[in-house]
Protein chains: 2
Amino acid sequence: MARTRHLPSQERKELTVRAVVELCGEQDPARITTASIAERMKVTQGALFRHFTGKDEIWQAVMKWIAEQVMRRLEKAVARSETPLATLEAMFMAHIGFITEHPGVPRLMLGQLQHSEPTSATRLVRSMLARYRERLAAILEEGTVCGELRADLDIEAAATQFIGTVQGLVVQSLIAGDVQRIAEQAPGAFLLYRRGIQAGEAS
Amino acid sequence: MARTRHLPSQERKELTVRAVVELCGEQDPARITTASIAERMKVTQGALFRHFTGKDEIWQAVMKWIAEQVMRRLEKAVARSETPLATLEAMFMAHIGFITEHPGVPRLMLGQLQHSEPTSATRLVRSMLARYRERLAAILEEGTVCGELRADLDIEAAATQFIGTVQGLVVQSLIAGDVQRIAEQAPGAFLLYRRGIQAGEAS
DNA sequence: CAGAAGATAGTAATTGATTACTATCTTACT
DNA sequence: AGTAAGATAGTAATCAATTACTATCTTCTG
């Protein structure tokens, strides 16, 4: 049996990220200590510093992982969809799916956004959200052009509202302490958002 | 000139709350120490414990203050409005107004919602948001009855989306680091929300 | 191909800084 | 004078980071 002490640094880093994401599903990121991370990994606290120069670098690695995961999923969703509206819905559900699979993610991102003096990790979050918005804006624009969305749509507001729709569900789940219910509420939430941006309907 | 050292405990408590709310506008609540609060108040750190039994009690006082302020404003907005839709808009703008006047408030509330083991302050936040939702649900219900809102409206989803609309603006401001721009974006955001819930329009 | 030599990863213990909280002395107000 | 509020000077606990040492893997040489 592979007792798997002694891992290559690369793998150990990945396990560290996993552990942190996991821990964020259970507690306030601000209260996560290097000791608690190490404990979760069955390693001593000092061992972490063989792979990271400091705690900051751990957060950075975590945010990098999240950014990659989210963006990969979003692009996949975009690729599979036909119309702008269908793309938006696929992105929405992909985002929600990622959150329900990794309940620590919202807490992680909100935790990073709290910092007013941006660390490296904070900058990563901000740039990810900025890219996210750009992606959204492009699709929304496309939707207005093809007539699927209201011609007078405020693109910026619609992008903010998209993220807000997710946020509403997230806040709801933080209050209820139950991340999984997000999945059930997601379709209804998107329907409401869709009605706000869609061109005049017949129903 | 009133050098105002030596204040009655009641006033000192109020100043403490003010100081904390102020500090939250500038930094992560999790990083606010009793020392930094005291410094802001021009008092020594130990003096705080003449008025609060512990840091928890400070957070509790802060959240109590916020809950009172928010609810007072919301009720005023409700009282002044005629139709359900006008009431919702007034509530929205009241909420946004409170946030722009006190930029620390979103960070404060989000910070509290991060805790998974609810403290007294956390419970206060949750119960405030619960009351908020109930209030919203009642108004939304009223709107469907009087025909101003879609008859098939999902009340729960619409309440979540209302809070989400605010959250979208908040997240936006945390990314941009500029709370004031919320005020400009608010009308556009509410318009989008309104279109999602309103009964078939003519425009 | 064996095995020494070096590199990499992990441990256990410690350090210095920070933090919430407290004990004791001092001042100011009534 | 007596008491409520504040200053001063602590304490114990926590935490990130470091250090000295050990275990394991990898590589190079004879």
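So you know, we letter chains A, B, ... as the sequences are listed, proteins then strands, and number each from 1.
Going from atom CD of A:Glu11 over to atom C1' of D:dC25 covers 13 Å, rounded to whole Å. Regarding B:Ile37, its CD1 atom lies at a distance of 12 Å from the P atom of C:dT19, rounded to whole Å. Spacing between atom CG of A:Leu7 and atom P of C:dA7 amounts to 21 Å, rounded to whole angstrom units. The separation between B:His6 atom NE2 and C:dA28 atom C1' is 5 Å, rounded to whole Å. Whole-Å rounding puts the A:Arg31 CZ to D:dA16 P distance at 13 Å. Atom-to-atom, CD of A:Glu39 to P of D:dC15 comes out at 12 Å; the value is rounded to the nearest Å.
If you check residues 13-30 of chain A against DNA chain D, you find no residue with a heavy atom closer than 4.0 Å. At a non-hydrogen distance threshold of 4.0 Å, A:Gly54, A:Lys55 from residues 52-63 of chain A come into contact with DNA chain D.
Between A:Asp152 and B:Arg195 there is a salt bridge, with a side-chain nitrogen of the basic residue lying less than 4.0 Å from a carboxylate oxygen of the acidic one.
In summary, the side chains of B:Ser9 and B:His51 do present a donor paired with an acceptor at a separation below 3.5 Å, with no hydrogens or angles considered.
Sorted by first and then second residue, the salt bridge (charged side-chain N to carboxylate O under 4.0 Å, His left out) pairs with a member in residues 164-190 of chain A read A:Asp178-A:Arg181; sequence neighbours excluded. Pairs passing the salt bridge (charged side-chain N to carboxylate O under 4.0 Å, His left out) check and including a residue from residues 102-121 of chain B, sequence neighbours excluded, do not occur. Within the structure, side chain to side chain donor-acceptor pair (under 3.5 Å) contacts touching residues 76-87 of chain A (residues at least two apart or in different chains) are A:Thr83-A:Glu148.
One finds no side-chain N or O of A:Ser9 lying less than 4.0 angstrom from the OP1 or OP2 phosphate oxygen of C:dT8. Phosphate proximity of D:dG6 to B:Arg12: present, with a side-chain N or O under 4.0 Å from OP1 or OP2. Contact check, B:His51 against D:dG6: a side-chain N or O comes under 4.0 Å of OP1 or OP2.
Stretches of at least 3 consecutive Watson-Crick or G-U wobble pairs, with each checked distance under 3.5 Å, appear in DNA chain C as C:1-30 with D:1-30.
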Show the distances under 3.5 angstrom between N or O atoms of the protein and N or O atoms of nucleotides 11-18 of chain C.
from   : atom 1 : to      : atom 2 : distance (Å)
C:dT11 : OP2    : A:Thr44 : N      : 2.7
C:dT11 : OP2    : A:Thr44 : OG1    : 2.8

Could you pull out all donor-acceptor pairs under 3.5 Å where a side-chain atom in residues 94-102 of chain A meets a protein atom, sequence neighbours excluded?
from     : atom 1 : to       : atom 2 : distance (Å)
A:His95  : ND1    : A:Tyr132 : OH     : 2.6
A:Thr100 : OG1    : A:Ile96  : O      : 3.2
A:Thr100 : OG1    : A:Gly97  : O      : 2.9
A:Glu101 : OE1    : A:Arg73  : NH2    : 2.6
A:Glu101 : OE2    : A:Arg73  : NH1    : 3.2
A:Glu101 : OE2    : A:Arg73  : NH2    : 3.4

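Contacts of A:Glu141 classified as salt bridge (Lys or Arg N to Asp or Glu O under 4.0 Å), with partners at least two apart in sequence or in another chain: none. Shown here are the salt bridge (Lys or Arg N to Asp or Glu O under 4.0 Å) partners of A:Lys64, two or more places apart in sequence or in another chain: A:Glu68. Residues forming a salt bridge (Lys or Arg N to Asp or Glu O under 4.0 Å) with A:Glu26 (at least two apart in sequence, or on another chain): A:Arg40. Listed by chain and number, the residues in a side chain to side chain donor-acceptor pair (under 3.5 Å) with B:Thr160 are B:Arg133 (sequence neighbours excluded).
Residue B:Ile66 holds its CD1 atom at 12.0 Å from CE of B:Met71, rounded to the nearest 0.5 Å. Rounded to the nearest 0.5 angstrom, A:Leu74 CG and A:Leu136 CG are separated by 8.0 Å.
Side-chain atoms of B:Tyr193 come within 3.5 Å of backbone N or O of B:Ala158 as a donor-acceptor pair.
Between A:Lys55 and A:Ile32 the shortest heavy-atom distance is NZ-O, 2.8 Å.
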